[in-house]
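Notes follow the structure.
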Amino acid sequence: MPTILGQNQYGKAENRVVKITRDGATHHVKDLNVSVALSGDMDDVHYNGSNANVLPTDTTKNTVFAFAKEHGIESAEQFGVHLARHFVTSQEPIHRARIRIEEYAWERVESSGEARHSFVRKGQETRLTQVTYDGAGWEVVSGLKDLTVMNSTDSEFWGYVKDRYTTLEEAHDRILATSVSARWRFNWADDAQEMPDWDASYARVRQHMLRAFADTYSLSLQQTLYQMGSRVVEECAEVDEIRFSLPNSHHFLVDLEPFGLKNDTPDGAVYFASDRPYGLIEATVLRDGCEARIPVDLTNL
């Protein structure tokens with residue numbers, strides 16, 4: 001045979017699950033986008049078209065919805081753990097399950113009455129998790145994307161390399177803005193360990209990330225990134241590794257002199273926000289002695 005089969009997986013992608021929990025007149029919403037990928041003894045289906053070891057993707061979809069009802073959704077991570085364990089332990093040919101989840105947050109809209117069932121979709125970040133299980137050990141990588149942050153001062157950029165193509169002027173007081181995409185890997189790896197409190201951990205990581213962004217007097221976005229990652233690893237014992245992808249959202253002073261106006265004055269300034277092209281700063285911060293496992297390209301995670 002001139003060819004052989006390499007890595008393969010299959011499943012159902014982007015199952016949109018909205019779970020409403022009713023506590024009397026007070027309702028709660030969990031809104032997830034769940035993707036399932038399974039791998040194992042799948043040579044025959046590729047070589048011969050035999051489906052004897054294939055769990056239909058439609059079944060994986062049904063399982064997602066059934067588990068949302070039967071087990072509820074305590075957190076994105078916990079739901080992923082339930083699903084991954086089920087697929088690996090209930091189907092002998094399946095050796096590995098990877099569950100990817102995006103969670104969309106809803107904020108309660110208070111009404112004048114007693115009913116508490118109105119919500120507005122939050123316009124902040126999307127929460128993410130990827131749970132992988134091979135029957136023996138776990139890997140949980142959580143994160144977020146589209147968390148837009150800005151410091152309106154306490155940021156500089158100067159002393160950089162200059163050549164014949166350099167036109168950028170040095171800045172000793174600039175706006176620093178970015179849309180944070182981050183993934184962090186937990187050191188929980190087997191059932192003998194105590195499982196983290198996923199929701200509390202997410203809130204703690206997010207809090208330390210934002211506080212480090214706010215507390216750092218920045219001489220470069222790279223420096224700010226490292227401070228954000230270091231603070232998360234130092235303050236969150238359950239996290240061994242965090243990777244960031246930070247686009248530098250540039251803000252340029254608008255030239256208002258043609259209109260007889262001085263722009264940058266003590267009472268403020270007007271800027272043009274440019275969304276592209278943009279600088280893209282990416283790096284991983286690790287606990288000392290730990291190995292990097294989060295992929296460099298976060299678009300595939």
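Just so we're clear, the structure is a prediction, and the values are computed from it rather than from any experiment. Residues: numbered from 1 along the sequence shown.
Taking the side chain as every heavy atom from C-beta outward, Leu128 and Ile101 never approach each other to under 4.5 Å. You'll find the side chain of Trp188 stays beyond 4.5 Å of the side chain of Glu238, heavy atoms only. In this structure the side chain of Lys12 never reaches within 4.5 angstrom of the side chain of Ser35, judged on heavy atoms. Leu144 is not listed as a side-chain neighbour of Gln124, based on a closest heavy-atom distance of 4.5 Å or more. The side-chain heavy atoms of Leu253 and Val270, taken from C-beta on, include no pair separated by under 4.5 Å. For the pair Val88/Asp134, no side-chain contact is recorded, criterion being any heavy-atom separation below 4.5 Å from C-beta on. Between Ile99 and Phe79, the closest side-chain pair of non-hydrogen atoms is not below 4.5 Å. Side chains of Ile294 and Thr284 form no contact here, defined as non-hydrogen atoms less than 4.5 Å apart.
Tyr133 and Trp138 have parallel rings, their planes meeting at less than 30° on a 0 to 90° scale where 60° marks the start of perpendicular. Between His71 and His82, the ring planes lie parallel to each other; the angle is under 30°, not in the 30° to 60° tilted range.
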| Going through the distances and angles, do Asn53 and Val45 end up as a side chain to side chain contact (heavy atoms under 4.5 Å, CB included)? | CA-CA 8 Å; Asn53 287 347; Val45 67; over 6 Å; no
Determine, stepwise, if the pair Thr126 / Asp146 fulfils side chain to side chain donor-acceptor pair (under 3.5 Å).
CA-CA 6 Å; Thr126 298; Asp146 302 328; 4.5 Å; no
Using side chain to side chain contact (heavy atoms under 4.5 Å, CB included), reason through Phe244 and Met228 one step at a time and then give a plain yes or no. CA-CA 9 Å; Phe244 292 96; Met228 293 167 70; 3.9 Å; yes
Evaluation steps, side chain to side chain donor-acceptor pair (under 3.5 Å), between Ser142 and Thr129
CA-CA 4 Å; Ser142 293; Thr129 193; 3.0 Å; yes
### Task
Apply side chain to side chain contact (heavy atoms under 4.5 Å, CB included) to Val233 and Leu286, showing your working.
CA-CA 7 Å; Val233 172; Leu286 296 159; over 6 Å; no
Q) Between Trp106 and Val109, is a side chain to side chain contact (heavy atoms under 4.5 Å, CB included) present by the stated rule, with each step listed? A) CA-CA 9 Å; Trp106 291 84; Val109 177; over 6 Å; no
### Trace of the side chain to side chain donor-acceptor pair (under 3.5 Å) decision for Arg98 with Thr132
CA-CA 4 Å; Arg98 187 195 69 201; Thr132 304; 5.8 Å; no
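A salt bridge does not link Asp31 to Lys19: none of the charged nitrogens lies less than 4.0 Å from a carboxylate oxygen. Arg127 and Glu77 are joined by a salt bridge, as a carboxylate oxygen and a charged side-chain nitrogen come within less than 4.0 angstrom of each other. Residues Asp240 and Arg287 are paired through a salt bridge, judged by an N-O separation under 4.0 Å between the basic side chain and the carboxylate. Under the 4.0 Å criterion applied to side-chain N and carboxylate O atoms, Glu103 and Lys30 are assigned as salt-bridge partners. Salt bridge status for Lys162 with Glu170: present, with a side-chain N to carboxylate O gap under 4.0 Å. Salt bridge absent: Arg204 and Asp199 never bring a charged side-chain N and a carboxylate O closer than 4.0 Å. Between Arg183 and Glu241 no salt bridge is recorded (no basic side-chain N to carboxylate O distance below 4.0 Å).
Linking Ile, Leu, Val, Met, Phe, Trp and Tyr residues whenever their side-chain heavy atoms come within less than 4.5 Å leaves Val232 and Val141 in two separate clusters. By the rule that hydrophobic residues join a cluster once side-chain heavy atoms approach within less than 4.5 Å of another member, Leu147 and Leu176 end up as members of one cluster. Under the 4.5 Å side-chain heavy-atom criterion for grouping Ile, Leu, Val, Met, Phe, Trp and Tyr, Ile94 is connected to Phe67 within one hydrophobic cluster. Both Trp184 and Trp198 belong to a common hydrophobic cluster when Ile, Leu, Val, Met, Phe, Trp and Tyr are linked at side-chain heavy-atom distances under 4.5 angstrom. By the rule that hydrophobic residues join a cluster once side-chain heavy atoms approach within less than 4.5 Å of another member, Phe213 and Ile175 end up as members of separate clusters.
Crowding of Arg211 atom CZ: a count of heavy atoms from other residues, nucleotides or ligands under 6.0 Å not exceeding 12. Summarising the local packing, CG of Asp288 is surrounded by 12 or fewer heavy atoms from other residues, nucleotides or ligands at distances under 6.0 Å. Heavy atoms from other residues, nucleotides or ligands lying under 6.0 Å from OH of Tyr278 number 12 at most. The environment of CD in Gln9 is crowded: more than 12 heavy-atom neighbours from other residues, nucleotides or ligands sit within 6.0 Å.
Atom CG of residue Leu219 and atom NE2 of residue His172 lie 10.5 Å apart, to the nearest 0.5 angstrom. Taken to the nearest 0.5 Å, the CG atom of Asn33 stands 12.0 Å off from the CZ atom of Arg100. In this structure, Ser201 OG and Arg206 CZ are separated by 13.5 Å, a value rounded to the nearest 0.5 Å. Residue Leu246 holds its CG atom at 4.5 Å from OG1 of Thr178, rounded to the nearest 0.5 Å. Atom CZ of residue Arg174 and atom CH2 of residue Trp158 lie 12.5 Å apart, to the nearest 0.5 angstrom. How far CD of Gln223 is from CD1 of Ile281: 12.5 Å, rounded to the nearest 0.5 Å.
In terms of modelled atom types and a separation under 3.5 Å, the side chain of Asn8 and the main chain of Leu5 share no donor-acceptor contact. With Gln91 contributing its side chain and Phe87 its backbone, the two residues share no donor-acceptor pair below 3.5 Å. With Asn263 contributing its side chain and Leu256 its backbone, the two residues share no donor-acceptor pair below 3.5 Å. Proximity of a side-chain donor or acceptor of Thr216 to a complementary backbone N or O of Ser218 within less than 3.5 Å is not detected. No donor-acceptor pair under 3.5 Å is formed between the side chain of Asn51 and the backbone N or O of Val54. Judged purely by atom type and a 3.5 angstrom limit, Asn151 has no side-chain atom pairing as donor or acceptor with the backbone of Thr153. Judged purely by atom type and a 3.5 angstrom limit, His27 has no side-chain atom pairing as donor or acceptor with the backbone of Asp23. Gln193 places a side-chain N or O within 3.5 Å of a backbone atom of Asp190 that can act as its donor or acceptor partner. Here the side chain of Tyr10 pairs a donor or acceptor atom with the backbone of Leu55 at under 3.5 angstrom. With Asp264 contributing its side chain and Ala269 its backbone, the two residues share no donor-acceptor pair below 3.5 Å.
Side-chain contact of Gln207 with Arg231: a donor-acceptor pair under 3.5 Å is absent, judged by distance alone. Side-chain atoms of Ser245 and Glu282 form a donor-acceptor pair, as typed in the model, at a separation below 3.5 Å. Defined by atom type and a distance below 3.5 Å, a donor-acceptor pair is present between the side-chain atoms of Asp267 and Thr265.
Taking the centre of each ring, Phe272 and His251 stay at or above the 6.0 Å mark.
Considering all non-hydrogen atoms of both residues, Ser179 and Pro247 come closest at O-CD, 3.2 Å. Considering all non-hydrogen atoms of both residues, Arg85 and Thr89 come closest at O-OG1, 2.6 Å.
Listed by first and then second residue, the salt bridge (Lys or Arg N to Asp or Glu O under 4.0 Å) pairs that reach into residues 242-258 come to none, sequence neighbours excluded.
A cation-pi arrangement is not found for Lys69 relative to Phe65, the charged atom failing to lie both closer than 6.0 Å to the ring centre and inside a 45° cone about the ring normal.
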